[in-house]
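Below: the structure, in structure tokens.
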Amino acid sequence: MISELIKIGIIASGSGSNAEAIMEACEEGGVKGKGKVVVLISNKKDAYCLKRAENHNIPAILIQSKDFKGTREDYDKLVVEALKKYDVQLVCLAGYMRLVSPYFLETFKDSVLNIHPALLPSFPGMHGYKDAIDYGVKISGCTVHFVDEKMDHGPIIVQKTLEVKFEDTEETLKERGLILEHEAFPEAVQLFCEDRLEIIGRKVKIKRKDK
Ligand code: GRF
């Protein structure tokens, strides 16, 4: 029996290279047969992620946050409404530069993933790669985690590491980091779509694949 595909909604604010990695993985790679990206939403006008979605024939929706008059929850209600219209079951925050509200998280309970450009719990916040360089760490990387009400905080699903060289700048580290991010996010999405993730307190148990 062919099981139904998990419907994935992506929310992004910028270039969307992680969004595209997930789209491609669904189309041809590891998530094939498990998940399907059904919509991409951006809060930023002219964000390149919108174009990337269009290129993949995925509906691209702009819900602009700039000059939005209501509360964070009011804004999230619009986003949730759009995601529900597409029956989204898994939400991927792929370079989404806003915090989601408790309302959002209640709606998509244990079904919102985020990618962060550092090895959490080190260097949460907007500039993971830069903060790692400034601190002088020798190992950096990226983290995919479930989203909870605190920023860059929820249970960790996948982490990948890379060496920081003395000569590295934010740009060079980001360049190598993004390559890892593009592996890590589809991997986490695949595990979710295969129903292999179990949250136990702060920890995520990765269950064995059904034979
Ligand atoms: C990535 O480094 C991601 O970890 C961070 O924002 C960046 C987004 O890049 N949250 P892109 O838009 O996916 O290319």
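In each ligand, atom 1 is the first atom listed, and ligand 1 is the first ligand listed. Numbering starts at 1 and runs along the sequence shown.
- The Gly95 neighbourhood of ligand 1 comprises atoms 6 (O), 8 (C), 10 (N), with distances under 4.0 Å to a heavy atom of that residue.
- The distance criterion of under 3.5 Å between nitrogen or oxygen atoms is met by Asn18 with respect to ligand 1.
- Heavy-atom neighbours of Gln64 CD from other residues, nucleotides or ligands within 6.0 Å: above the threshold of 12.
- With rounding to the nearest 0.5 angstrom, the CG atom of Leu162 is 5.0 Å from the CZ atom of Arg176.
- For the residue pair His127 and Glu170, no side-chain donor N or O sits within less than 3.5 Å of a side-chain acceptor on the partner.
- When only modelled atom types and interatomic distance are considered, Arg52 and Ser17 share no side-chain donor-acceptor pair under 3.5 Å.
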From CA spacing to verdict: side-chain contact (heavy atoms from CB on, under 4.5 Å), Phe192, Ile157: CA-CA 9 Å; Phe192 183 96; Ile157 302 165; over 6 Å; no
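- Between Tyr129 and ligand 1, not a single N/O pair is under 3.5 Å apart.
- Within the structure, ligand 1 lacks Glu20 among the residues with a heavy atom less than 4.0 angstrom away.
- Using a cut-off of 4.0 Å between Lys/Arg side-chain N and Asp/Glu carboxylate O, Lys77 and Glu73 are scored as salt-bridged.
- Residue-ligand proximity, Met97 to ligand 1, at heavy-atom distances under 4.0 Å covers atoms 6 (O).
- Within the structure, ligand 1 has Gly16 among the residues with a heavy atom less than 4.0 angstrom away.
- Each of the following atoms of ligand 1 lies closer than 4.0 Å to a heavy atom of Ser15: 12 (O), 14 (O).
- For ligand 1, the polar-atom distance check against Glu181 finds a nitrogen or oxygen pair separated by under 3.5 Å.
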